[in-house]
Amino acid sequence: MSGQRPTQAPEAQATTPAWLVSPAGPLRGNVAVRGSKNAVTKHLVAALLGLTPSTISNCPDIGDVDITANMLRALGCEVQLRNGVATIDSTSLSSCRVPVRFSGMNRIPILMVGPLLHRVGEAFVPLVGGDDIGSRPIDFHVDALRRMGAEITLTQDGLEAKATRLRGAHIELPYPSVGATETVLLTGCLAQGRTVLDNAATEPEVIELALFLQRMGARIELRPNRRIVIEGVEELSGAAHHLKGDRIEAFSYLVAGLITGGEVRVHGCSQERLVTAISTLSGMGARFEITDSSVSARADKLQPAAVETDTHPGFMTDWQSPMVALFTQCDGLSVMYETVYENRFTYVPALKKMGAQIELYNNPLGSIQSRFVGSATPCSVVVRGGQPLHGADVEVPDIRGGFAYVLAAAAAEGSTTITGTHHLDRGYNHPIENFASLGLDIKRIDVPVADHL
Ligand code: EPU
């Protein structure tokens, strides 16, 4: 015996995908946004209601579209995605059960319940997922579906539903929820009789869906004071729609220019979708050039601000994290109060790791009454801006927080390695290419799992 231990091949170290961002000065140039993540998937679901195929164009090339298309395929629908055009033929629908493997992938399955009940009389959808930004219950959806005649059982795996014939009802939402409004729209249009929805969400993506359903033959009235009235019809046919631009992406790229002292011109998202974003940034000193087809922003110096998120037409919650990233580069104290979600500051510790001076508060620092009184999670932040940021290794907690990291990394000294980028791939259309075209040094890499963070 030589005493030597047999040599073993070294085990391959597990790696995880990451983005490596190295700042390269002010970001300048043009970005074209596609249709919005939060409208495209709902249009795909609406196509389930049509007796003929629907065509949705200007679709973003994002993970959420693939996930939703695969859910529809699992139900037997034919879905083709080519060059940003989705064609959905639901005449071949053969199942009313969305497989459990889609559990936790996004927020879309719950929206399929109404359409599946109309088509088949039964439905199973796995538990909803999406970003971890608070408890995100589905009680408004379930209550609305029950009021319209669905029998619903919540199981460990998801939601089982049955209905012989859904009927119209008078529903008042406790809060103008985007998803619950969409559930009522998608369910009411083929229900027997009239549905009156009060305290409905009026986000542009919700109205876009209502207009698409109208194109399919639905009888929908948008009344004042958050009321929607739907007269049920016997059948809907397929329709075609060119999706409107993603206002979350548009705002985020405008901030990319501002946070680095550059100027980004965003194409494909109309001014009317950005009114509050533009007025808020203008109040901070940004100067805009707005045309019928594009919006650009630049600033010599930005003032701090106090902002609270709200339902439309307020400052949207999905603009919150890019804005907080921007606050870190505005001299003085800024305040952000989140009122839509219970826990949407999970990205803040990573910004602090990059040198941002941010304090989290559990009490509301704004005028809107909090819906989360007594919550243990922070609802407000105070940012001491004007401090230099530096690169760090950070992990994305949710899609919008992740984009804030890229923005901060673009304005920092040194490189930042961002893991958990699957969140970003689920919701942004070709972000690496867009940032690179603006001059950012950004690339996809693989990093060893153990070495990171
Ligand atoms: N809520 C309930 N019960 C429900 C439904 C909602 O309590 O049954 C509460 C939520 O917990 C939240 C508030 O109502 O506190 C608003 O939630 P909403 O239903 O409006 O949100 P959602 O439909 O789940 C969509 C977008 C979000 C966006 C919000 C608000 C999609 C797929 N998601 O979510 O987008 O922030 O509306 O505009 O459309 C994102 O894109 O990053 C994102 C989170």
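In each ligand, atom 1 is the first atom listed, and ligand 1 is the first ligand listed. The model shown is predicted, which means the values in this text are computed figures rather than measured ones. What you see below is based on every heavy atom in this structure, not just the backbone, and it leaves out hydrogens, waters and symmetry mates.
- Taking any N or O of Phe372, backbone or side chain, none lies under 3.5 Å from an N or O belonging to ligand 1.
- Considering backbone and side-chain atoms together, Tyr341 places an N or O closer than 3.5 Å to an N or O of ligand 1.
- Atom NZ of Lys162 sits in a sparse spot, with 12 or fewer heavy atoms from other residues, nucleotides or ligands closer than 6.0 Å.
- At a 4.0 Å heavy-atom cut-off, ligand 1 does not touch His312 at all.
- Using a 4.0 Å heavy-atom cutoff, Ala201 is absent from the residues neighbouring ligand 1.
- Residue Arg107 approaches ligand 1 through these ligand atoms, each under 4.0 Å from one of its heavy atoms: 24 (O).
- For the residue pair Glu342 and Ser375, a side-chain donor N or O sits within less than 3.5 Å of a side-chain acceptor on the partner.
- Within the 3.5 Å criterion, the main-chain N or O of Ile152 finds a donor-acceptor partner in the side chain of Arg146.
- The distance from ligand 1 to the heavy atoms of Arg400 drops below 4.0 Å at these ligand atoms: 40 (C), 41 (O), 42 (O).
- At a 3.5 angstrom cut-off on N or O pairs, Val340 counts as close to ligand 1.
- Below 4.0 Å from some heavy atom of Arg344 lie the following atoms of ligand 1, by number and element: 36 (O), 40 (C), 42 (O), 43 (C), 44 (C).
- At a threshold of 4.0 Å, the pair Asp318-Arg344 counts as salt-bridged, since one of the basic side-chain nitrogens sits closer than that to a carboxylate oxygen.
- The pair Arg97-Glu160 meets the salt-bridge criterion, since a charged nitrogen lies less than 4.0 angstrom from a carboxylate oxygen.
- For ligand 1, one of its N or O atoms has an N or O atom of Val178 under 3.5 Å away.
- Looking at Val40, Leu173, Asp398, Asp318 and measuring to atom 40 (C) of ligand 1, the nearest heavy atom belongs to Asp318.
- Residue Asn38 holds the heavy atom nearest to atom 31 (C) of ligand 1 of all those in Asn38, Thr181, Leu111.
- Contacts with ligand 1 closer than 4.0 Å are made by side-chain heavy atoms of Tyr175 only, the backbone lying farther away.
- For ligand 1, the atoms sitting less than 4.0 Å from at least one non-hydrogen atom of Thr317 are 36 (O), numbered in the order shown with element in parentheses.
- Although no hydrogens or angles enter the test, the distance criterion places no donor-acceptor pair under 3.5 Å between the side chain of Arg227 and the main chain of Val196.
- In this structure the side chain of Glu205 reaches within 4.5 angstrom of the side chain of Arg273, judged on heavy atoms.
- Near Lys37, the atoms of ligand 1 lying under 4.0 angstrom from a non-hydrogen atom of the residue are 40 (C), 41 (O).
- Counting heavy atoms closer than 4.0 Å to ligand 1, residue Phe403 contributes nothing at all.
- Residue Asp139 touches ligand 1 through backbone and side chain together, judged by heavy-atom distances below 4.0 Å.
- Ring geometry for Phe345 versus Tyr347: interplanar angle of 30 to 60°, hence tilted.
- Contact annotation: Lys42 has at least one heavy atom less than 4.0 Å from an atom of ligand 1.
- For His141, heavy-atom contacts with ligand 1 shorter than 4.0 Å involve the backbone as well as the side chain.
- Ring-centre distance between Tyr253 and Tyr428: not below the 6.0 Å cut-off.
- The proximity of Arg426 to ligand 1, defined as any non-hydrogen pair under 4.0 Å, does not occur for either the backbone or the side chain.
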Could you please spell out the steps behind the side chain to side chain donor-acceptor pair (under 3.5 Å) verdict for Glu308 and Thr339? CA-CA 7 Å; Glu308 46 195 39; Thr339 75; over 6 Å; no
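- Polar contact check, Ile399 against ligand 1: no nitrogen or oxygen pair lies under 3.5 Å apart.
- With respect to the salt-bridge test (charged N to carboxylate O, under 4.0 angstrom), the residues Lys244 and Glu208 do not qualify.
- Not a single heavy atom of Glu182 sits closer than 4.0 Å to an atom of ligand 1.
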For the pair Arg265 and Ser294, evaluate side chain to side chain donor-acceptor pair (under 3.5 Å) and give the outcome as yes or no after the intermediate values. CA-CA 6 Å; Arg265 177 170 292 281; Ser294 70; 2.7 Å; yes
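- Polar contact check, Gly179 against ligand 1: a nitrogen or oxygen pair lies under 3.5 Å apart.
- For the pair Lys443 and Ile432, the minimum side-chain heavy-atom distance is 4.5 Å or more.
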